[in-house]
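Reading through the C-alpha cells given below for one structure.
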Amino acid sequence: MTQKAIDARRPGRWKRRAWRNRYIYMMCLPVVAYFIIFKYLPMGYLSISFFDYKLLKGFSGSKWVGLKNFADFLKGRYFGQTLRNTVALNLMSLVMVFPAGVILAVLLNEVRSSPLRRVYQTITYLPYFISTVVLVSMITSFLSPSIGLLASVCKALGLPVQDYMAQKSAFRMINVLSGIWQNTGWNSIVYLATLTNIDPTLYEAATVDGAGRLRRIWHVSLPGLKQIVVLMLIMRIGSLMGTVTDKVLLLQNDLNLSVSELLGTYVYKMGLQKGKYSFATAVGLFNSVVSFLLVISANFVSKRLSDDTHGIF
C-alpha cells in the first residue's frame with residue numbers, strides 16, 4: 001500500500017480536507033437544497049396518481065384506485081389531441097430553435113474584433129432575460145391588427161391586414177419564432193465556449209493548406225462542436241413532451257385552443273383550475289416516463305451511430 005493510500009485512511013484526514021474546502025461546500029449547499037426541496041421531495045407525492053386524492057383527507061382518507069387515472073387519460077377525448085399538439089410544437093421547435101444556437105455560436109466565433117463580439121453577444125443574450133408576460137405582451141402588440149407594427153407595414157405596402165393571434169394555423173409559428181428570438185443567444189453560450197477551446201493551430205494549419213473561412217468552419221469548427229451538439233440534442237429530445245407552459249397559456253385563446261392545448265397546459269387546468277389532483281399527477285407522470293424513455297432511446301441511438309461513445313451515460 002502506498003504512503004498516499006495510508007495517509008488517506010488515517011482517522012481525521014477527511015475532516016481536515018472537509019474543513020479546508022468548507023467554503024466550496026457552503027457555496028454548493030443552496031444548489032443541493034434547491035434540488036432536494038423542489039426536485040426530489042415532490043417525487044414522493046407521485047403516488048397521488050394512484051389515489052382518488054382528497055386534499056383535506058390526505059392519503060389515509062383517500063381511496064386507492066390503482067391505474068384508473070391513467071386509463072381515464074389514455075381513453076379520454078383529449079389524449080390524442082394534447083399528445084399530437086405537444087409533439088408537433090416541440091418537433092417544430094427542435095428543427096428551428098436548436099440549430100439556431102449552433103449557427104449563432106459559429107458566426108460569433110468568426111468575429112475577430114473582441115469588443116464587437118462582446119456587443120453582439122450582449123445584444124443576443126438580452127431577450128432571454130425578458131419575462132414571459134412581457135414577451136407575450138410584446139408579441140400581442142406587434143401582431144395587433146389595429147396598432148401593431150406588422151399591421152402598419154402591411155397597410156403601407158397595400159397588403160391585407162390579418163389578425164394572426166386569432167388564427168390557429170399561426171399559433172405554432174408565432175411560438176417558435178418568438179422562441180428563436182428569445183433563446184438563441186442564451187443557447188449559443190455553451191457552443192461558443194466549446195469553440196473557444198478548440199486548438200488555434202488547427203485553424204492555422206487549415207489556412208496554410210489553403211482552406212477558406214467556410215472550409216475552416218466545416219472541417220474544424222463543426223467537428224469540434226460534434227460532441228457537445230450530440231449531448232445537447234439528447235437532452236432536447238428528452239424534452240419533446242414538455243414545453244414552456246406559461247408562454248403557451250398566455251398565447252392561448254378560444255380560437256387556437258385546438259392546436260395550443262398541450263400536455264403541460266392540460267395538467268395545469270386539470271390540477272389547479274379543476275382540482276383533479278390525482279388525474280393531473282397521472283398525466284404528469286405519464287409525460288415524465290415518456291420523456292425518460294426518449295432520453296434513453298436518443299442516447300442509445302447516438303452511441304450506435306457515432307464512431308465513439310458520444311452520449312450522456
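Between Tyr203 and Ser221, the side chains place a donor N or O and an acceptor N or O closer than 3.5 Å (distance only, hydrogens not considered).
More than 12 heavy atoms of other residues, nucleotides or ligands sit less than 6.0 Å from atom CZ of Arg112. Atom NZ of Lys54 has 12 or fewer neighbouring heavy atoms from other residues, nucleotides or ligands inside a 6.0 Å radius. Applying the 6.0 Å contact sphere to CZ of Phe98 captures more than 12 heavy atoms from other residues, nucleotides or ligands. Counting non-hydrogen atoms of other residues, nucleotides and ligands closer than 6.0 Å to CG of Leu214 gives a total of 12 or fewer. Around CG of Asp209, the count of heavy atoms belonging to other residues, nucleotides or ligands within 6.0 Å exceeds 12. By the 6.0 Å contact criterion, OH on Tyr25 is enclosed, its count of non-hydrogen atoms from other residues, nucleotides or ligands being greater than 12.
Nearest heavy atoms, Ser131 versus Val134: OG-CG2, 3.1 Å. Shortest non-hydrogen contact noted between Gln162 and Pro145 is O-CB, 4.3 Å. Considering all non-hydrogen atoms of both residues, Thr281 and Tyr277 come closest at OG1-O, 2.7 Å. Across all non-hydrogen atoms, the minimal contact from Ser49 to Leu285 is OG-CD2, 3.8 Å. In plain terms, the two heavy atoms of Ile139 and Met165 that are nearest each other are CG2-SD, 4.4 Å. Taking every heavy atom of both residues into account, Leu104 and Ser188 meet most closely at CD2-OG, 3.8 Å.
Atom CZ of Phe51 sits about 9.0 Å away from atom OG of Ser278, to the nearest 0.5 Å. A distance of 4.5 Å separates CE in Met173 from CE in Met96, rounded to the nearest 0.5 Å. From Thr140, atom OG1 reaches atom CD1 of Ile147 across 10.0 Å, with rounding to the nearest 0.5 Å. With values rounded to the nearest 0.5 angstrom, Thr82 atom OG1 is found 7.0 Å from Phe79 atom CZ. Between Ser260 atom OG and Lys168 atom NZ the span is 10.5 Å, to the nearest 0.5 Å. Taking CD1 from Ile189 and CD from Gln121, the interatomic distance works out to 8.0 Å, rounded to the nearest 0.5 Å.
Of the possible polar contacts, one joining the Lys247 side chain to the Asn175 backbone as a donor-acceptor pair under 3.5 Å is found. Judged purely by atom type and a 3.5 angstrom limit, Asn85 uses its side chain to pair as donor or acceptor with the backbone of Glu261. Checking side-chain atoms of Arg216 against main-chain N and O of Thr207 turns up no donor-acceptor pair under 3.5 Å. With Thr245 contributing its side chain and Thr265 its backbone, the two residues share no donor-acceptor pair below 3.5 Å. Distance alone, capped at 3.5 Å, is enough to place a donor-acceptor pair between the Thr196 side chain and the Ala193 backbone. Not one N or O on the side chain of Ser93 forms a donor-acceptor pair closer than 3.5 Å with the backbone of Leu89. The main-chain N or O of Leu108 is found under 3.5 Å from a side-chain atom of Arg117 such that the two form a donor-acceptor pair. A donor-acceptor contact shorter than 3.5 Å links the side chain of Asn253 to the backbone of Leu255. Judged by distance alone, with hydrogens and angles left aside, the side-chain atoms of Thr194 form no donor-acceptor pair with the main-chain N or O of Leu225 at under 3.5 Å. Checking side-chain atoms of Thr86 against main-chain N and O of Leu263 turns up a donor-acceptor pair under 3.5 Å.
For the pair Val283/Met270, no side-chain contact is recorded, criterion being any heavy-atom separation below 4.5 Å from C-beta on. Looking at Leu107 and Tyr120, their side chains never come closer than 4.5 Å, going by heavy atoms from C-beta outward. Looking at heavy atoms from C-beta onward, Met235 lies out of side-chain contact with Val295 at the 4.5 angstrom threshold. Residues Leu251 and Val136 meet the side-chain proximity criterion, which asks for heavy atoms closer than 4.5 Å. Two residues are said to be in side-chain contact when any heavy atoms from C-beta on lie closer than 4.5 Å; Trp181 and Leu135 meet this criterion.
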Item to complete: Quick one: do Phe59 and Ile48 satisfy side chain to side chain contact (heavy atoms under 4.5 Å, CB included)? Show the steps, please.
Response: CA-CA 8 Å; Phe59 287 103; Ile48 291 176; 3.6 Å; yes
Practice prompt. Would you sort out whether Val97 and Asn187 count as a side chain to side chain contact (heavy atoms under 4.5 Å, CB included), showing the intermediate values?
Written response: CA-CA 9 Å; Val97 178; Asn187 293 342; 4.2 Å; yes
Discussion item. Checking Val290 against Leu83 for the side chain to side chain contact (heavy atoms under 4.5 Å, CB included) test, could you report, in this order, the C-alpha distance in whole Å, the side-chain angles of both residues, the deciding distance, and whether it holds?
Written reply: CA-CA 11 Å; Val290 174; Leu83 183 63; over 6 Å; no
Practice prompt. Decide side chain to side chain contact (heavy atoms under 4.5 Å, CB included) for Gln227 and Val230; before the verdict, give the C-alpha distance in whole Å, the side-chain angles of both, and the deciding distance to 0.1 Å.
Written response: CA-CA 5 Å; Gln227 186 170 4; Val230 171; 5.8 Å; no
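Ile217 is not connected to Leu192 by any chain of hydrophobic side-chain contacts under 4.5 Å among Ile, Leu, Val, Met, Phe, Trp and Tyr, and they are in different clusters. When the side chains of ILVMFWY residues are joined at heavy-atom separations under 4.5 Å, either directly or via intervening members, Leu143 and Ile130 end up in a single hydrophobic cluster. Under the 4.5 Å side-chain heavy-atom criterion for ILVMFWY residues, no single connected hydrophobic cluster contains both Trp186 and Val229. Under the 4.5 Å side-chain heavy-atom criterion for ILVMFWY residues, a single connected hydrophobic cluster contains both Val106 and Ile228. Tracing side-chain contacts under 4.5 Å through hydrophobic residues (I, L, V, M, F, W, Y), one never reaches Tyr78 starting from Leu249; they form parts of separate clusters.
Aromatic pair Phe70/Phe50: centroids less than 6.0 angstrom apart.
A cation-pi contact, defined as under 6.0 Å to the ring centre and within 45° of the axis, links Arg22 to Trp19.
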